[in-house]
> 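Next up is a structure, given as structure tokens.
Values in this document were obtained by computation on a predicted structure and should not be read as measured data.
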Amino acid sequence: MAFPRICYEIFVRSFCDSNGDNIGDLNGITSKLDYLQDLGVEALWLSPILLSPSYHKYDVVDYYAIDPEYGTLDDFKRLLSEAHARGIRIIIDLVINHTSANHPWFQESVKGKESPYRQFYTWKSPEDIERLGIATREVTPDTWDRNPWHKWRQNTEKYYGLFWKGMPDLNCDHQPVRQAIYEIGRYWLNMGVDGFRLDAARHIYPEWEEHKNYDFWVEFRTEMQKANPDVYLVGEVWTAAENIAPYFKGLTANFNFDLSLTIQKIVAKERDAVQLAATLAGTRAVFFQTSPQFIDAIMLTNHDQVRIGSVMGGNLNRLKVATNLLLTLPGQPYLYYGEELGMLGKKPDEYIREPFLWDYREKDRHRARWMQPKYNKSNTVVPLTGQINDSNSLYNHYKRLIQLRKSQPTLADIHGDIEPLPNEDPRLVAFIRKSNGQAVWVIHNLSAKSVKYSAANLPAQFIFSTHPETKLLKTGTLSLEPYSCVVLG
């Protein structure tokens with residue numbers, strides 16, 4: 001089965017409210033499937049939907065229950081059915097690095113060393129923690145917590161919780177934990193879920209035992225394939241390419257955070273672009289050594305990062321350039337909900353997860369209103385209804401680029417490769433996309449000025465251009481208009 005070519009991340013609470021309780025829900029997503037299909041989306045990654053005490057739901061209390069804020073199990077089954085009828089796959093966020101401290105397993109674990117659930121989590125004495133030299137840790141991009149050991153009331157031992165004391169890490173060396181995780185995964189796959197986004201995939205084991213993660217994910221994939229041979233697994237592994245590579249032994253795909261940050265940097269500066277294609281080609285070569293069928297999941301931003309709209313200061317031209325890059329580079333693109341509108345948002349996290357703008361103010365009957373937005377209001381971001389009929393809108397730019405990617409086989413191939421083209425102009429990104437013996441040339445102008453690009457054997461056929469005045473001046477020389485992109489073949 002072919003993998004989806006365009007994926008879309010939804011923070012469920014903020015996407016669409018179907019029942020007027022101000023909280024986005026599953027039925028809201030179902031009601032917007034036609035919108036997503038029309039945009040060109042082929043898979044949805046849903047933020048956690050299982051029972052949890054928090055607004056974000058990354059601390060699960062029951063792995064078999066849909067959180068009532070989002071709907072019922074029947075609502076979810078209907079979403080699956082309606083999405084599949086439209087050729088859209090459903091990927092759910094599976095959080096198995098940790099549970100909520102309110103989870104029954106942990107509530108039993110804290111009762112003492114004799115509890116049958118004690119080993120579901122990692123407990124150590126303060127003396128052992130010091131002796132092993134694991135009392136503190138270095139800050140990593142995915143968590144800034146330096147002190148992952150926590151006290152619990154009458155317990156003399158401390159438990160390990162990498163992200164927060166309310167999220168104790170599971171102990172995957174304990175076989176009953178592994179079997180429980182596998183049963184959970186198979187349950188949702190048997191229901192029809194197509195795959196999982198695996199939260200904190202690098203931290204299943206503590207950092208001093210990171211090497212154990214690789215074999216865990218191989219075993220996890222084997223167990224999931226018993227329920228769905230075509231299961232899709234995408235990991236959150238935020239580190240350097242050589243450290244990501246071993247995770248492809250078990251995972252179908254991994255997110256490329258470094259590429260995300262590089263795109264943000266060069267588009268915001270409108271320069272320093274020369275090495276992008278060569279660096280990405282090198283990264284892909286590293287991944288290929290571990291798994292020739294690796295999938296590089298690429299994105300501009302996600303629910304943990306400052307929104308691309310704010311990175312670009314709301315500049316429409318730069319947002320279009322970022323879109324051009326994302327949708328012409330190799331890999332499997334993920335869009336974060338609202339990026340197609342230019343939604344804004346900066347930390348703290350709630351403000352990069354603000355409600356989607358379907359319509360203007362009181363006309364918007366589907367807007368989630370669980371929070372007072374700071375960045376996304378009808379007078380700061382044009383709602384969807386204001387962009388649909390504007391041919392120059394960011395929304396329609398996304399639609400055009402998505403259609404290009406899906407209709408052009410060389411761009412559409414998520415396993416296709418990239419070859420940097422000769423280029424010394426820091427305002428240009430130039431590369432060849434290759435797939436199944438076919439090739440297209442792609443050149444981007446990141447800047448506000450017209451730029452010329454010359455190369456031997458430059459193709460003369462225009463497959464696509466974002467600007468009508470981009471043209472060939474003579475054989476081998478191309479004139480690119482400001483902030484434009486061209487595909488030649």
Side-chain angles (χ1 to χ4, degrees), residues 45-65 67 92-111 115 117-124 129 134-153 155 157-185 187-188 196-210 212-213 216-217 219-220 233-239 247 250-251 255 302-304 349:
W45 155 25
L46 307 184
S47 65
I49 58 174
L50 304 181
L51 187 64
S52 163
S54 66
Y55 87 93
H56 53 71
K57 308 203 183 302
Y58 277 96
D59 46 348
V60 179
V61 170
D62 186 343
Y63 284 100
Y64 293 95
D67 196 297
I92 63 172
D93 218 315
L94 189 63
V95 187
I96 54 178
N97 165 257
H98 53 263
T99 68
S100 168
N102 295 330
H103 194 289
W105 295 344
F106 189 70
Q107 290 300 307
E108 288 296 319
S109 182
V110 301
K111 291 180 179 178
S115 168
Y117 287 90
R118 187 69 167 184
Q119 293 186 70
F120 269 54
Y121 302 86
T122 300
W123 292 86
K124 290 187 183 297
I129 293 169
I134 54 176
T136 60
R137 60 181 293 279
E138 294 297 320
V139 168
T140 52
D142 48 4
T143 172
W144 288 52
D145 197 338
R146 289 182 46 82
N147 301 290
W149 296 95
H150 311 283
K151 296 179 180 179
W152 189 273
R153 296 169 190 161
N155 284 266
E157 293 184 315
K158 293 183 177 181
Y159 66 92
Y160 187 78
L162 175 61
F163 293 98
W164 177 53
K165 65 180 180 180
M167 295 177 172
D169 282 34
L170 287 166
N171 172 20
C172 287
D173 265 346
H174 190 47
Q175 281 305 310
V177 170
R178 286 200 180 208
Q179 293 310 311
I181 288 172
Y182 300 155
E183 288 172 12
I184 291 162
Y187 171 81
W188 293 105
F196 302 116
R197 181 266 184 180
L198 298 157
D199 183 64
R202 187 188 177 194
H203 300 297
I204 296 303
Y205 281 88
E207 284 146 319
W208 64 89
E209 296 182 315
E210 183 176 1
K212 292 184 178 181
N213 290 333
F216 172 83
W217 289 121
E219 185 175 305
F220 180 86
L233 306 174
V234 58
E236 180 196 24
V237 181
W238 195 334
T239 183
Y247 288 89
L251 302 179
F255 288 108
N302 71 8
H303 66 283
D304 286 324
D349 287 345

> Once rounded to the nearest 0.5 Å, what's the spacing between atom OG of S100 and atom CH2 of W105?
12.0 Å

> What I'd like to find out is whether the side chain of K212 reaches to under 4.5 Å of the side chain of D173, using heavy atoms alone.
yes

> If you look at every heavy atom in F216 and C172, which pair is closest and at what distance?
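Taking F216 first and C172 second, the nearest heavy atoms are CE1-SG, 4.0 Å.
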
> Side chains of F220 and L198: does their closest heavy-atom pair fall under 4.5 Å?
yes

> From K151 NZ over to K158 NZ, what is the distance, rounded to the nearest 0.5 angstrom?
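Result: 5.5 Å between the selected atoms.
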
> Rounded to the nearest 0.5 Å, what's the gap from CE on M167 to CG on L162? Could you check?
10.5 Å

> Just say parallel, tilted or perpendicular for the rings of W123 and F106, cut-offs at 30° and 60°.
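W123 and F106: parallel rings.
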
> If you compare all heavy atoms of T143 against all heavy atoms of R137, which two are closest, and at what distance to 0.1 Å?
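Looking at all heavy atoms of both residues, the shortest contact is O-NH1, 3.4 Å.
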
> Calculate, to the nearest 0.5 Å, the distance between atoms CZ and CD belonging to R146 and E138 respectively.
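Here the interatomic distance stands at 5.5 Å.
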
> Hey, is the main chain of Y58 close enough, under 3.5 Å, to the side chain of H56 for a donor-acceptor pair?
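Yes, the answer is positive, given that a donor and an acceptor are paired below the 3.5 Å cut-off.
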
> Do H303 side-chain atoms and S47 backbone N/O form a donor-acceptor pair below 3.5 Å?
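Checked: no pair found.
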
> Are there more than 12 heavy atoms of other residues, nucleotides or ligands under 6.0 Å from atom CD of Q119?
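Open: at most 12 neighbouring heavy atoms sit under 6.0 Å from CD of Q119.
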
> Would you find a donor on one side and an acceptor on the other, under 3.5 Å apart, between the side chain of S115 and the backbone of E108?
yes

> Please tell me whether T99 and Y121 have a donor and an acceptor in their side chains that are separated by less than 3.5 angstrom.
yes

> Would a distance-only check, ignoring hydrogens and angles, find a side-chain to backbone donor-acceptor pair under 3.5 Å from W45 to V234?
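Looks like no, no N/O pair under 3.5 Å.
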
> Just by modelled atom types, is the A201 backbone N or O under 3.5 Å from a matching donor or acceptor in the E236 side chain?
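Checking the backbone N and O of A201 against the side chain of E236, no donor-acceptor pair under 3.5 Å is found.
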
> Is the shortest heavy-atom distance from the side chain of D59 to the side chain of H103 under 4.5 Å?
no

> With heavy-atom distances below 4.5 Å as the criterion, would you say the side chains of D93 and K57 are in contact?
no

> Once you round to the nearest 0.5 Å, how far does CH2 of W152 lie from CD of E157?
15.0 Å

> Less than 4.5 Å apart, any side-chain heavy atom of T239 and any of R202?
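SC-SC contact between T239 and R202 confirmed.
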
> Answer whether the closest heavy-atom distance between the side chains of W217 and V237 falls below 4.5 Å.
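W217 does not reach V237 side chain to side chain.
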
> Whether the E219 and Y182 side chains hold a donor-acceptor pair (N or O, under 3.5 Å, no angle test) is what I'd like checked.
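A pair is found: one side chain offers a donor N or O, the other an acceptor, under 3.5 Å apart.
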
> Check the pair E207, I134 against side chain to side chain contact (heavy atoms under 4.5 Å, CB included), reporting the backbone distance first and the verdict last.
CA-CA 9 Å; E207 284 146 319; I134 54 176; over 6 Å; no

> In this structure, which one of D169, L170, I96 forms a side chain to side chain contact (heavy atoms under 4.5 Å, CB included) with I204?
I96

> Report the distance from atom CH2 of W164 to atom CG of D145, rounding to the nearest 0.5 Å.
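The distance works out to 11.5 Å.
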
> Return yes if some donor-acceptor pair links the side-chain N/O of Y117 with the main-chain N/O of V110 below 3.5 Å, else return no.
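Not confirmed, Y117 side chain does not pair with V110 backbone.
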
> With a 4.5 Å limit on heavy-atom distance, are the side chains of W188 and I92 in contact?
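In contact.
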
> Side chains of P206 and E209, heavy atoms from C-beta outward: is any pair under 4.5 Å?
yes

> Do you know the tightest heavy-atom contact between N102 and V61?
CB-CG2, 4.0 Å

> Where is the tightest heavy-atom contact between A135 and I129, given as atom of each residue plus distance?
CA-CG2, 3.4 Å

> For a quick test of reading the model, state the closest non-hydrogen atom pair linking N213 to Y205 and the distance between them.
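Answer, listing the atom of N213 first, then Y205: OD1-N, 2.8 Å.
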
> Could you go through the side chain to side chain contact (heavy atoms under 4.5 Å, CB included) check for L94 and I181 one step at a time?
CA-CA 10 Å; L94 189 63; I181 288 172; 5.6 Å; no

> When you check the side-chain N and O atoms of Y160 and N171, is any donor under 3.5 Å from an acceptor?
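Looking only at side-chain atoms, N171 and Y160 do not form any donor-acceptor pair under 3.5 Å.
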
> Please check if the side chain of D62 supplies one atom and the backbone of L51 the other of a donor-acceptor pair under 3.5 Å.
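Side chain of D62 to backbone of L51, a donor-acceptor pair under 3.5 Å: no, none is there.
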
> Assess whether side chain to side chain contact (heavy atoms under 4.5 Å, CB included) is satisfied between Y187 and Y63, documenting all intermediate values.
CA-CA 10 Å; Y187 171 81; Y63 284 100; over 6 Å; no

> Using every non-hydrogen atom in the two residues, find where R118 and N155 come nearest and quote the distance to one decimal.
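That would be NH1-OD1, 2.7 Å.
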
